[in-house]
Protein chains: 2
Amino acid sequence: MPDQRSTLRAQRRADTQRTIQAQAVRLFSERGYDATTVHHVAEAAGVSPMTVYRHFPTKEDLVLLDERGQLVAERIAAAPAAQPLVRRIGGALIESAATLTGGNHREFLLARLRLMISTPALRAKHLDNQYALQQVIVAAVGDDATDPDTAFRVQAAASACLAALHTAVVRWAEDDGRGELPELIATAFNAAFGDDFGSAHPKAR
Amino acid sequence: MPDQRSTLRAQRRADTQRTIQAQAVRLFSERGYDATTVHHVAEAAGVSPMTVYRHFPTKEDLVLLDERGQLVAERIAAAPAAQPLVRRIGGALIESAATLTGGNHREFLLARLRLMISTPALRAKHLDNQYALQQVIVAAVGDDATDPDTAFRVQAAASACLAALHTAVVRWAEDDGRGELPELIATAFNAAFGDDFGSAHPKAR
DNA sequence: CACCAACCTGGTAGTAACTATCACTGAGGT
DNA sequence: ACCTCAGTGATAGTTACTACCAGGTTGGTG
């Protein structure tokens, strides 16, 4: 009885997946995204091109795939607020950012962000992923989604929040991660929505 | 003496361009984007595949190409406001929307929007175009772009505005253009930024 | 221990979006 | 009436991606 469904298999699978992605990001960063073929990535990772496609449905996903979405949704649902929408969503995003940048993946994360920002194909698909995340957030907010007009307002608020977040993330990456991401996000929210967010370590107001 | 640089040539060129795009949108809508090849589009438009690529650099541009960007930028620059950023940008976006939906392209515009929303590849590239538009807007705002912190705030405000706009446009298209787009945009802005926008026909603040 | 089942992997085409290059035609100006 | 060159077309190539099929490894069962 496998406590974890075939542990060793999943282990090896996760390993090759990580190897492929690491090599992909390295090659893309060194030689450029367009100049690097999937075949090159496969070669560097020591697998066949077929295997790459088994793990990553598209070349873009070699850079973009991760699991941050689930995290954000949970935070949203966990904030059981009566606060205004943008504040509720914004708070959850700031907390999520703190968690993500706290990890030890920083350099890898930054490399991926740099690619995302500078490569049109990656930028486009990433923005579409954010759009999908928006739907997840809207679902997590959950406010009686029956009324289409209410749903529309939630969509508007969520989209604006994610846009501000994106702006902050871009700025953070352009600064090579020197600033504090949660602070930057708070600044972006203040610029967009007015001075309701204080800083990441909230003081007054 | 060409008052207009070789009038007939430009005329024919614009004609074929329009024909190609019209046939493309028609075929994509009828048979699906992925199921329609560029070759099909060329055949329907009575040209060779090469000619299609001459006029539209990518298949996605067959749906996405237009010139609305310039219009918005001009409106922004024309609004010489001391108003807050989001209000200034939002007002320009609402005016632009009124102009665009006032034209006689409505059915064509709606068809293109429906494709954009339902087709992942188009949605992604469209979002990236909006991101490019954001840079245009930021440039048009122009507020002493020297200070990086100020520039960052402008970016945040512009991105949030465009996100709200996008939400409204999606809603409008999903409603088959029955509502009034400027009103929808105003509603989206109110939901995201608070009740500062009144309706589309702004009188009092 | 032998066997089976389910993955994971690899190979071989095949499709379709582009790209580079060359040749042809016809419009615009001299 | 010539010359130039933008617009168009055909050919051949590259690359992302997709079936389809075959072999090998892992994990559990008689």
Side-chain angles (χ1 to χ4, degrees), chain A residues 1-21 23-25 27-28 31-65 115 119-126 128, chain B residues 1-21 23-24 27-28 31-65 115 119-125 128:
Chain A
M1 56 174 107
D3 59 339
Q4 203 75 353
R5 187 191 182 88
S6 54
T7 326
L8 190 137
R9 261 229 249 268
Q11 181 73 24
R12 289 180 76 83
R13 182 173 173 80
D15 279 348
T16 59
Q17 188 151 339
R18 253 193 305 277
T19 305
I20 292 173
Q21 192 176 37
Q23 293 300 318
V25 170
L27 287 176
F28 291 161
R31 295 152 57 160
Y33 179 79
D34 291 323
T36 307
T37 73
V38 174
H39 192 86
H40 293 153
V41 173
E43 203 169 343
V47 296
S48 85
M50 285 299 310
T51 302
V52 175
Y53 284 117
R54 288 264 160 59
H55 288 270
F56 301 89
T58 71
K59 186 183 179 186
E60 288 109 13
D61 288 320
L62 284 167
V63 177
L64 300 178
L65 259 199
L115 285 169
T119 309
L122 294 174
R123 200 173 48 218
K125 186 143 186 175
H126 167 69
D128 195 44
Chain B
M1 55 177 108
D3 58 340
Q4 200 75 354
R5 185 194 182 89
S6 53
T7 326
L8 190 134
R9 232 182 241 200
Q11 181 74 21
R12 288 180 77 82
R13 182 172 173 80
D15 278 349
T16 60
Q17 187 151 340
R18 254 193 305 278
T19 303
I20 293 172
Q21 192 176 37
Q23 293 299 318
L27 287 177
F28 291 161
R31 295 150 57 159
Y33 179 79
D34 291 322
T36 307
T37 73
V38 173
H39 192 85
H40 293 152
V41 173
E43 203 170 343
V47 296
S48 86
M50 283 302 310
T51 302
V52 174
Y53 284 115
R54 288 261 160 58
H55 287 270
F56 301 89
T58 71
K59 187 184 178 184
E60 288 110 13
D61 289 319
L62 284 167
V63 177
L64 300 177
L65 259 200
L115 284 169
T119 308
L122 293 174
R123 200 173 49 218
K125 185 141 186 179
D128 195 44

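In this text the structure is predicted, and so the values were computed from the model without any measurement. Per chain, numbering begins at 1; letters A, B, ... match sequence-line order.
Residues passing the salt bridge (Lys or Arg N to Asp or Glu O under 4.0 Å) test with A/Arg18, sequence neighbours excluded: A/Asp15.
Rounded to whole Å, atom P of D/dA16 lies 11 Å from atom NE2 of A/His39. At whole-Å resolution of the value, NZ in B/Lys59 and C1' in D/dC17 are 13 Å apart. Per the geometry, CD belonging to B/Glu60 stands 13 Å off C1' belonging to D/dA16, to the nearest Å. In this structure, B/Leu62 atom CG and C/dA16 atom P are separated by 16 Å, rounded to whole Å. Atom-to-atom, CD of B/Glu43 to C1' of C/dA16 comes out at 15 Å; the value is rounded to the nearest Å. Between A/Asp15 atom CG and C/dT9 atom P there is a gap of 11 Å when expressed in whole angstrom units. Across the protein-nucleic acid pair, B/Arg13 atom CZ and D/dG7 atom P stand 5 Å apart, rounded to whole Å. In this entry the distance linking CZ of B/Arg12 with P of C/dA27 reads 7 Å, nearest Å.
Considering only heavy atoms from C-beta on, B/Gln17 stays 4.5 Å or farther from B/Gln21 through its side chain.
Contacts between residues 46-58 of chain B and DNA chain D, defined by a heavy-atom separation under 4.0 Å, are made by B/Val47, B/Ser48, B/Met50, B/Thr51, B/Arg54, B/His55.
Rounding to the nearest 0.5 Å gives a distance of 11.0 Å between CD1 of A/Ile20 and CZ of A/Arg54. Taken from CG in A/Leu122 to OH in A/Tyr33, the straight-line distance is 4.5 Å, to the nearest 0.5 Å.
Among the candidates B/Asp61, B/Thr119, B/Val63, the single residue satisfying the side chain to side chain contact (heavy atoms under 4.5 Å, CB included) test with B/Lys125 is B/Asp61.
Mapping A/Val38 and B/Thr16 onto DNA chain D by nearest heavy atom places B/Thr16 closer to the 5' end of the strand.
Of the possible donor and acceptor atoms, none in the side chain of A/Gln23 sits under 3.5 Å from a partner among the backbone N and O of A/Val41.
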